[in-house]
Novice: 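Input: one structure, supplied below.
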Amino acid sequence: MRRFLLEGLMRKPLTEGAPEPWTEARDELVAAFARAQRDRLGRSLSIRVVDAGSCNGCELELQALGNPFYDLERFGLHFVASPRHADVLIVTGPVTRNMAEALRRTYDATPEPKWVVAVGDCAKDGGCFAGSYAIVGGVEAVVPVDLHIPGCPPDPTSLLKGLLALVERMGAEAGSR
Amino acid sequence: MTKLPELVWIRSRDFRAAAFPATAVDRPGWVALGQALAANRFTLMNLWGEVGAVCMALHDPEARRVAVARIALAKGKFPSVGVHHAPAQRLERAAADLFGLVPEGAGDTRPWLDHGRWEIAHPLGAGAAHPGQPPYPFLPAEGESLHQVPVGPVHAGIIEPGHFRFTAQGETVVRLEERLGYVHKGIDRLMQGASLSRGAELAGRTSGDSTVAYAWAFSQAAEAALSVAVPERAFRLRALMAELERLANHLGDIGAICNDAAFAMMLAQMSVLREKVLRAAERTFGHRFMRDRIVPGGVSADLDAEGEAVLRALVEEIRDRFPSLVELYDNTASLLDRTVATGRVSHDLVRRFGAGGYVGRASGRDFDARRDLRYAPYDELKLDVPVRDDGDVNARVWVRIREVEQSCSLITQLLNALPPGPLRTEVEPTGQVREGLGLVEGFRGDILVWLSLDTEGHIRRCHMRDPSWFQWPLLEAAIEGNIIADFPLCNKSFNCSYSGHDL
Ligand code: SF4
């Protein structure tokens with residue numbers, strides 16, 4: 001255990017990790033994120049994730065946002081356990097008929113002001129499950145959506161970009177209020 | 001006991017190579033099979049409905065062969081198998097919901113996938129307007145000072161939805177009852193009439209964490225039905241992808257299990273390794289989960305010299321970093337205190353349910369489809385299947401640790417002998433109605449796909465059975481007598497798929 005802690009202190013942080021083709025683009029993204037979060041919003045954001053019928057692929061990439069490479073928390077964005085503590089609802093999946101009510105109730109339990117981000121191709125319009133008797137449609141069919149992040153599933157970088165866009169928009173809205 | 005019907009048994013390499021002949025059985029024969037299952041003569045691999053029929057897939061472990069029995073139904077009623085053999089119960093309830101078939105004599109006739117929210121009832125059967133449904137009656141638990149704790153469908157973490165009804169005495173769980181079906185997407189019906197490529201797309205989106213294994217199992221079924229010879233190189237690339245998928249899931253889950261025992265550092269370390277696997281997958285096969293890379297007839301992505309180097313470097317890095325993390329797990333008393341003796345599943349239950357994957361292997365069920373109902377290219381590879389006896393959370397962690405090592409070894413073996421050649425064979429309809437069976441060992445256990453194709457090669461019926469069908473019920477048993485606070489830990493050590501189960 002001590003060894004890992006020591007190693008953690010000595011080793012370069014992973015967030016500056018291996019030279020990969022898109023590292024530079026990501027660093028820019030990270031800087032932009034930090035700026036927007038600080039200047040425009042000046043506070044942290046709590047996110048609640050609701051799976052309304054996904055294949056679980058989108059969840060895996062949302063979970064990846066917490067790993068040391070992406071480390072979402074450093075931007076003051078964190079996942080919370082209750083919709084009552086959330087500012088943002090992230091909703092994945094086509095909305096199944098069996099989940100529609102649970103999604104609506106989760107939305108209702110989230111205090112104002114609130115924002116909804118629909119994640120993944122399914123969340124747009126049902127994706128490859130559209131037209132099924134068991135599907136209501138995309139997230140918009142049940143609750144109002146502020147932003148959609150496409151992909152099947154969107155990778156963590158796309159998720160970060162999407163959330164950055166949301167933070168910027170929130171900042172702009174706050175400025176115009 | 002009535003005489004067992006003569007079934008057409010097929011050995012594993014044969015059912016992958018040719019269309020699968022289902023055996024028609026009559027009512028007494030069907031009943032006899034149900035009794036034989038209860039007497040542990042065979043293992044139930046699946047039970048599914050069709051228009052005017054019900055089918056069962058059976059596994060004879062000693063002889064390493066598989067059979068499919070089909071009973072034709074004139075009036076939509078069949079003798080319940082679940083009444084003799086509990087593992088069939090939820091499958092029968094699902095068939096009842098989807099087709100309106102009636103399992104006669106069944107003890108539990110509550111709906112399973114149908115929550116009363118669809119506009120049509122029995123969507124794969126007559127498909128009449130849905131009359132709605134009374135509230136779902138949970139099973140009672142009686143005794144002094146019992147209380148109930150309902151959890152879900154929306155859970156606290158970034159996980160899938162399902163409902164858990166705990167009955168507890170103080171902190172101790174007396175009964176857990178699961179209610180699933182929340183993410184039912186109607187995949188069986190979407191499959192009907194679909195082309196093979198559309199079918200493969202849906203199969204790859206049935207359980208996102210097993211997209212490779214599902215696409216492979218589906219493709220196997222299609223290739224068997226149409227007798228397609230898949231190129232050697234494609235087999236090997238498929239196995240590479242499958243082992244990468246297994247690595248990513250095992251690494252992520254080992255970390256997540258430790259995290260549920262409040263040991264967050266392991267999650268951080270393991271999620272780094274997991275991320276490296278996903279990035280390697282993206283660089284080699286062009287997608288972090290390698291989705292849509294396995295297609296009927298072969299694969300849609302090749303591996304070049306650079307990709308090979310990426311994979312070799314990945315294996316080296318895991319071999320370098322993983323052992324010290326395992327050592328850390330094994331030397332942290334506070335962690336073992338949570339995982340040892342928690343969430344035990346008995347050998348008997350695992351055998352009866354034919355539970356696959358690490359859930360089965362951690363409780364003494366020595367079965368891995370890659371070895372015991374083997375398919376190319378695993379027939380040419382060296383694979384040691386880890387088995388434990390203790391059946392607790394710790395045992396499931398250890399099985400997965402050993403499987404990480406095995407996957408590394410398999411990747412190296414595959415890279416060392418990667419034959420050149422084409423990636424894909426054209427898949428043509430045969431002008432006949434054909435049926436095929438696919439069986440692939442995903443990270444969670446064996447995935448079984450039954451596929452029936454019409455004369456033009458379109459899908460008449462496709463039923464995919466996730467390993468979770470035979471694992472979810474065991475979670476109910478595993479948590480009994482444990483404290484509610486250990487449920488997340490037990491649940492994560494199973495990590496059943498909601499989406500794969502709900503379809
Ligand atoms: S968008 Fe793709 S990954 Fe996300 S839920 Fe839909 S099928 Fe799964």
Side-chain angles (χ1 to χ4, degrees), chain A residues 1 3-5 7-8 14 17-18 20-21 48-70 79-83 90 92-94 96-103 105-106 109 122 126-136 152-153 155-156, chain B residues 113-115 117-120 123 127 152-161 181-187 189-190 198 201-202 204-211 248-249 252 256 265 267-269 271-272 274-276 278-279 282-283 288-289 291-292 324-325 328 331-332 497-500 502:
Chain A
M1 174 91 184
R3 208 175 94 217
F4 281 93
L5 294 177
E7 226 185 84
L14 286 166
E20 298 193 37
R48 174 67 238 235
V49 178
V50 183
D51 172 346
S54 99
C55 77
N56 79 29
C58 283
E59 276 59 45
L60 295 175
E61 293 298 50
L62 286 163
Q63 282 167 4
L65 285 178
N67 78 33
F69 288 93
Y70 305 103
F79 294 112
V80 294
S82 167
I90 286 184
T92 62
T96 63
R97 292 200 185 270
N98 289 351
M99 269 306 285
E101 184 188 337
L103 172 60
R105 285 213 216 168
T106 308
C122 291
C128 67
F129 306 107
S132 165
Y133 63 89
I135 300 293
V136 184
C152 181
D155 61 22
Chain B
L113 300 175
D114 182 352
H115 291 194
R117 311 224 171 222
W118 308 334
E119 282 167 353
I120 44 173
V154 179
H155 296 159
I158 307 176
I159 50 169
E160 300 179 78
Y182 289 92
V183 288
H184 176 72
K185 291 179 268 293
I187 292 179
R189 186 87 165 240
L190 289 170
R198 163 85 170 136
E201 176 192 43
L202 286 166
R205 285 157 182 78
T206 302
S207 183
D209 50 17
S210 306
T211 178
N249 282 301
M265 189 172 90
L267 176 65
Q269 299 281 351
S271 64
V272 167
R274 174 185 157 84
E275 178 71 19
K276 296 213 161 167
L278 298 182
R279 288 183 180 189
E282 180 167 36
R283 286 183 62 187
R288 283 162 62 89
F289 298 121
R291 185 162 261 166
D292 303 329
S324 52
L325 291 165
L328 178 64
N331 289 334
T332 306
S497 173
Y498 299 71
S499 185
D502 294 355

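So you know, we letter chains A, B, ... as the sequences are listed, proteins then strands, and number each from 1. If you're wondering where the values come from, they're calculated on a predicted model, not measured in any experiment.
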Novice: Taking only residues two or more places apart in sequence or in another chain, which ones pass ring pair (Phe, Tyr, Trp, His ring centres under 6.0 Å) with A:F79?
Specialist: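 Ring pair (Phe, Tyr, Trp, His ring centres under 6.0 Å) list for A:F79, sorted by chain: empty.
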Novice: Could you pull out the closest heavy-atom pair between A:S132 and B:G186, with the gap in Å?
Specialist: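 Shortest heavy-atom contact: OG-CA, 3.8 Å.
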Novice: Given a strict heavy-atom distance threshold of 4.5 Å, which part of B:E201 is in contact with chain A: side chain, backbone, both, or neither?
Specialist: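 Just its side chain gets close to chain A.
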Novice: Is there a side-chain contact between A:N56 and B:Y498 in this structure, where contact means two heavy atoms from C-beta onward sitting under 4.5 Å apart?
Specialist: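 Heavy-atom side-chain distance check fails, nothing below 4.5 Å.
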Novice: Using heavy-atom distances under 4.5 Å, tell me whether B:R291 contacts chain A through its side chain, its backbone, both, or neither.
Specialist: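 Looking at B:R291, just its side chain touches chain A.
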Novice: For A:I135, which atoms come within 4.5 Å of any heavy atom of chain B: side chain, backbone, both, or neither?
Specialist: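 The side chain, not the backbone.
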Novice: What distance separates A:F69 CZ from B:R274 CZ, expressed to the nearest 0.5 Å?
Specialist: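 Here the rounded value is 12.5 Å.
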Novice: Quick one: closest heavy-atom pair of B:L190 and A:A130, and the distance?
Specialist: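 Result for this residue pair: CD2-O, 4.2 Å.
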Novice: How about B:L267 and A:Q63: do any of their side-chain heavy atoms sit closer than 4.5 Å?
Specialist: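 Sidechains of A:Q63 and B:L267: no contact.
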Novice: Please classify the contact between A:A109 and chain B as side chain, backbone, both or neither, with a heavy-atom cut-off of under 4.5 Å.
Specialist: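 For A:A109, no heavy atom lies under 4.5 Å from chain B.
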Novice: Please determine whether ring-ring contact (aromatic ring centres under 6.0 Å, His included) holds for the pair A:Y133 and B:H184, giving the CA-CA distance in whole Å, both sets of side-chain angles, and the decisive distance to 0.1 Å.
Specialist: CA-CA 10 Å; A:Y133 63 89; B:H184 176 72; 5.7 Å; yes
Novice: Measure across B:F289 and A:G57 and return the closest heavy-atom pair with its distance rounded to 0.1 Å.
Specialist: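 Here B:F289 and A:G57 meet closest at CE1-O, 4.1 Å.
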Novice: Need one label for A:P153: side chain, backbone, both or neither, based on atoms under 4.5 Å from any heavy atom in chain B.
Specialist: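 Its backbone and side chain both get close to chain B.
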Novice: Looking only at non-hydrogen atoms, find the nearest pair between B:S499 and A:C55 and report the distance.
Specialist: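 Reported closest heavy-atom pair: OG-CA, 3.4 Å.
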Novice: In the structure I gave you, are the side-chain heavy atoms of B:V154 and A:R105 within less than 4.5 Å of one another anywhere?
Specialist: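 B:V154 vs A:R105: side chains apart.
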Novice: CD1 of B:I187 to CZ of A:F129: how many Å apart, nearest 0.5 Å?
Specialist: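 Going from the CD1 atom of B:I187 to the CZ atom of A:F129 covers 4.5 Å.
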Novice: Would you mind telling me which of B:G500, B:S324, B:G127 has the largest number of heavy-atom pairs within less than 4.5 Å of chain A?
Specialist: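 Highest number of pairs under 4.5 Å: B:S324.
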Novice: Can you tell me which portion of B:L325 sits under 4.5 Å from chain A's heavy atoms? Options are side chain, backbone, both or neither.
Specialist: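 Both backbone and side chain.
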Novice: For A:C58, is it the side chain, the backbone, both or neither that has a heavy atom under 4.5 Å from a heavy atom of chain B?
Specialist: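 Contact with chain B is absent: no heavy atom of A:C58 under 4.5 Å.
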Novice: Please determine, among B:A256, B:S207, B:G181, B:G252, the option with the most heavy-atom pairs under 4.5 Å with chain A.
Specialist: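 That would be B:S207.
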Novice: Measure distances from A:V136 to the heavy atoms of chain B and classify the residue's part below 4.5 Å as side chain, backbone, both or neither.
Specialist: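 Answer is neither: A:V136 stays 4.5 Å or more from chain B.
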Novice: I want to check something: taking the side chain as every heavy atom from C-beta on, are B:R205 and A:C122 in contact at a cut-off of under 4.5 Å?
Specialist: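 A side-chain contact under 4.5 Å is absent here.
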Novice: As an exercise: rank B:H115, B:R117, B:K185 by heavy-atom pairs under 4.5 Å with chain A and give me the winner.
Specialist: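 Sorted descending by pairs with chain A, the first entry is B:K185.
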Novice: Just so I know, are the side chains of B:R288 and A:P156 near enough to count as touching, which here means a heavy-atom distance under 4.5 Å?
Specialist: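 Yes, their side chains come closer than 4.5 Å.
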Novice: Tell me, for B:Y182 versus chain A, whether the close heavy atoms (under 4.5 Å) come from the side chain, the backbone, both or neither.
Specialist: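 For B:Y182, the contact with chain A is made by backbone and side chain together.
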Novice: Only one of B:L278, B:I158, B:D209 passes side chain to side chain contact (heavy atoms under 4.5 Å, CB included) with A:L60; say which it is.
Specialist: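 Single pass found, and it is B:D209.
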Novice: Can you list the residues that meet the side chain to side chain contact (heavy atoms under 4.5 Å, CB included) rule with B:L328, with sequence neighbours excluded?
Specialist: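 In terms of side chain to side chain contact (heavy atoms under 4.5 Å, CB included), with neighbours along the sequence ignored, B:L328 is linked to A:M1, A:F4, B:F263, B:M265, B:M266, B:T332.
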Novice: Pick one of side chain, backbone, both or neither for A:S54, based on which atoms fall under 4.5 Å of a heavy atom in chain B.
Specialist: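 Contact with chain B is through the backbone of A:S54 alone.
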Novice: What part of A:T106 lies closer than 4.5 angstrom to a heavy atom of chain B: side chain, backbone, both or neither?
Specialist: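 For A:T106, side-chain heavy atoms alone lie under 4.5 Å from chain B.
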